[in-house]
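Beneath this line is the structure, given in structure tokens, with notes to follow.
Remember, predicted model here, so these are calculated numbers, not experimental data.
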There are 2 protein chains.
Amino acid sequence: MNGNSAPLFNDLGGIYHWQNSNSGRTQVMGNTEDDVGAARSGRVRIADIARELGLNPSTVSRAISNPNRVNPETHKLVAQTARRMGYTANHLARSLRTGRTNTLLVAAPSQPGLPISPVVIDVLHGIFFEAGRMGYSVFIRETDPSGMAPTNRRPLSGLADGIISISGTAEIIQSGGLAAEMAHLPLISLLTDQTQLNIPSLIADEAAGLYQAADYLIRQGHVKLAYIAGPLDISEHDRPRYQGFCRRLEESGLLDGHVRIEGGSYDFSSGTRAAETFLDLPDKPTAVIGVSDAVALGFIRRIKDAGLRVPEDVAVIGYDDLAYSAYTSPSLTTISQPTVEIGKAGTRLLIDACSGRFDLKPQLITMPTHLVRRESA
Amino acid sequence: MNGNSAPLFNDLGGIYHWQNSNSGRTQVMGNTEDDVGAARSGRVRIADIARELGLNPSTVSRAISNPNRVNPETHKLVAQTARRMGYTANHLARSLRTGRTNTLLVAAPSQPGLPISPVVIDVLHGIFFEAGRMGYSVFIRETDPSGMAPTNRRPLSGLADGIISISGTAEIIQSGGLAAEMAHLPLISLLTDQTQLNIPSLIADEAAGLYQAADYLIRQGHVKLAYIAGPLDISEHDRPRYQGFCRRLEESGLLDGHVRIEGGSYDFSSGTRAAETFLDLPDKPTAVIGVSDAVALGFIRRIKDAGLRVPEDVAVIGYDDLAYSAYTSPSLTTISQPTVEIGKAGTRLLIDACSGRFDLKPQLITMPTHLVRRESA
DNA sequence: CTGAAAGCGCTTACAG
DNA sequence: CTGAAAGCGCTTACAG
């Protein structure tokens, strides 16, 4: 190692060990030495193939991108040679010329110091799936609502055909340096309703989800319910969920007796904090709905420590249906939202809009949620 | 909506509702109408600014990219005009010309039908953090070891300055269509030792982690230990962990009595399956280490249902220290590995290698793990 | 069906 | 300090 390595690791504060690898082996993948071209970067270009074959570059280009507009023999020859020489098209050059990138820009929110949330990950999974199927690549830009993290704010232009904003408000999107792109590219918002900004939005029916949860509890005979709220400022998720909760209570005349506990965020510790508030309540609700699974689980953990039984003393329902919610003790009754489907459908709609096959209007599409019954309620 | 929408949703199998947005409002962000240029895509180019100012495009370019090589007055004028006209540099054109993209390509593994794992997410978080700090963007390509998912295999060229492979084997990387890029770009492997392929690798000391876990249990007096294994074929993670486990047992002469239970994968259900095997064991170990937190939690959940107490009857330790492992009942004693730091350090090393500031050799860097003591052991 | 030319939007030696 | 020219690697009318 050269001397430059030290400051790196000083900055990163890590203890580390160097080991020598078993050297002497050669790189596994790569071009063979006798390949032609390799002018600038060592890469084979269309011009190299053309020279090798005594053809015009335009013919080689056609053979690669539009095989049907070229002699079958020529196509075969070019294809073989391209493979032999290890040619891969330069994405930059092709996109610059055609004006199409076959790339989607995804703005994914993250809190400072926290990784992308599991819910967003599921949406991303749907995006990757559908984008891969359609031959699109994915450019990810983390956006930080708080502006604390060193997110990349460098404005980007020309590198994508469309934008997906996950759970993002207008400010969040701007913070990602995407404003300029938004003015020119089709855009869809997932998980958050932004139709008031004329942005097509594909969301889970969060209000219906909380309605379903409250309905389930009320049918079980609960009359005093609590809702553990999420953050009001950053996201748009708390409001519709609380509304759905209240709507169902109102229908049974139970609205007056309900308790709204401010959790603060969507994470476990917000749930434990909410539990502290709950435990201090003189007249405790018998059923609680958390704004997220993590909040519900943090809440359960804390009230179990205080000697309360779930669901016997307090029934608890979450929202998200994360993978581990089926394996906790008690396993968590929760509202499942079609996150992966939202990712897939949003990607499909956007790609179709990019190619002009679909007219993406600033409308709201709502996907249904459903209750997953387990042990906690 | 036009008629094209129906087949979309047939494919996606979703029930959905359209709502009309409150229309009539105008787009929030965008160029004002009297801006110049807008030849092809509606975007402002350097040529537009130059025309507006009566300058040569090269001067405008310099003013934007190299302010110090231009008259301060000119710089100011260009900067103002660029802002007013809403100019953002075309990333494609710039990169094509300079040969530098300021972009990193990340190959992230995913199992078919499953989203990216929490561990990989943490590494990605570190990558985003450090890349953002250094002004780099991140291109993500999901790679599918099984080849089942419709991952994007289109070969990409020219769009990144370096490649990060997370927890990937050579085959996995190839499946992502990255072989050609690998031959030309600096590459680093995170979480998986690939130095045998001459690829610099930055990993957690998994062997030491399992050694620490076994050590902790043995010091508590346990003499019969079990290890729930992960998959052998796909990943390289099981082997070093099992080795570390065995090494510590051997030191105390306990190796002969140990049990290795095949879990199958890293997820919860693998843990519950392993628990079934465990419950059938005539002479049960009193302490169990899972290859992952999810496996350990799935295991705990199942043996609790069978009437065993954790840690009184069976002590359980996991590996990963995921966020929710602190909130389960019992909370999980586990091995923490510096995933975020690995992401940050790997990104830093790679970027410095891209810019020639650092000579990235095919060596192995190992980051330390540590035991997090909670309730389960 | 193939070739020659122009151009996507930018940057950078090279002159002046 | 600024201008004119060339070129990154590709594609696509336009001729032939």
Query - Side-chain N or O of Asn56(A) closer than 4.0 Å to phosphate OP1/OP2 of dA4(C) - result: yes
Report task. Please determine, for the side chain of Ala93(A), which listed nucleotide (dT11(D), dC14(D), dG9(D)) has the closest atom? Result -> dG9(D)
Query raised in the report: With a 4.0 Å cut-off, would you call Lys76(B) and Glu73(B) a salt bridge?
Result: no
**Report entry** Between C1' of dT12(D) and CG of Asn66(A), the distance in whole Å
**Finding:** 10 Å
**Report entry** Minimum-distance nucleotide to Arg94(A) side chain [options: dG3(D), dC10(D), dC1(C)]
**Finding:** dC10(D)
**Report entry** Shortest non-hydrogen contact between Gly162(A) and Leu185(A), atoms and distance
**Finding:** N-CG, 4.0 Å
Query - Leu53(B) CG - dG3(D) P separation (whole Å) - result: 10 Å
Query raised in the report: How many angstroms lie between OG1 in Thr101(B) and NE2 in His91(A), if you round to the nearest 0.5 Å?
Result: 12.0 Å
Report task. Ignoring backbone atoms, test whether Ser58(B) places a side-chain nitrogen or oxygen under 4.0 Å from the OP1 or OP2 oxygen of dA4(D). Result -> no
Query raised in the report: Going through the checks in order, is the side chain to side chain contact (heavy atoms under 4.5 Å, CB included) test met by Arg43(B) and Asn90(B)?
Result: CA-CA 9 Å; Arg43(B) 286 198 163 89; Asn90(B) 184 311; 5.8 Å; no
Requested in this report: Using a cut-off of strictly less than 4.0 Å, decide whether Arg97(A) has a side-chain nitrogen or oxygen near OP1 or OP2 of dG7(C).
Outcome: no
Query raised in the report: Any side-chain N or O of Thr74(B) under 4.0 Å from OP1/OP2 of dT2(D)?
Result: yes
Query raised in the report: Among dC14(D), dT11(D), dC10(C), which is the nearest nucleotide to the side chain of Thr98(A)?
Result: dT11(D)
Report task. Kindly indicate whether the side chain of Val106(A), heavy atoms from C-beta on, has any atom under 4.5 Å from the side chain of Ile164(A). Result -> yes
Query raised in the report: Does the side chain of Leu159(A) come within less than 4.5 Å of Leu92(B)'s, by heavy atoms?
Result: yes
Requested in this report: Mind calculating the distance between CZ (Arg69(B)) and P (dT2(D)) to the nearest angstrom?
Outcome: 14 Å
Requested in this report: Quickly work out the Arg62(A) CZ to dG3(C) P distance and round it to whole Å.
Outcome: 8 Å
Query raised in the report: Whole Å only: how far is the CZ atom of Arg100(A) from the P atom of dG9(D)?
Result: 24 Å
Query raised in the report: Of the candidate nucleotides dC10(D), dA4(C), dC8(C), which contains the atom at the shortest distance from the side chain of Leu96(A)?
Result: dC8(C)
Report task. When you get a sec, tell me which of dA13(D), dG9(D), dC1(D) is the closest nucleotide to the side chain of Arg45(A)? Result -> dG9(D)
Query - Distance in angstrom units between Ile46(A) CD1 and dC10(D) P, rounded - result: 5 Å
Query raised in the report: If you measure only the distance, is there a donor-acceptor pair under 3.5 Å linking the side chains of Arg100(A) and Thr98(A)?
Result: no
Report task. Give a yes/no answer on whether the side chain of Thr59(B) brings an N or O atom under 4.0 Å of OP1 or OP2 in dG3(D). Result -> yes
Query raised in the report: Taking only Watson-Crick and G-U wobble pairs with both distances under 3.5 Å, what dot-bracket line describes DNA chain D, where [ ] shows pairs that cross earlier ones and | shows pairs with another strand?
Result: |||.||||||||.|||
Report summary line: Taking every heavy atom of Arg62(A) against every heavy atom of Arg69(A), the minimum-distance pair comes out as CD-O, 4.2 Å
Query raised in the report: How many Å lie between CG on Asn90(A) and C1' on dC10(C), as a whole number?
Result: 14 Å
**Report entry** Nucleotide dG3(C), atom P - distance to CG of Asn71(A) in whole Å
**Finding:** 11 Å
Query raised in the report: Which part of the nucleic acid, if any, lies within contact of Leu55(B), taking any heavy atom under 4.0 Å across all strands shown: a base, the sugar-phosphate backbone alone, or nothing?
Result: sugar-phosphate
Query raised in the report: If you check every side-chain atom of Ser61(B), which of dT11(C), dC1(C), dT2(C) has the closest atom?
Result: dT11(C)
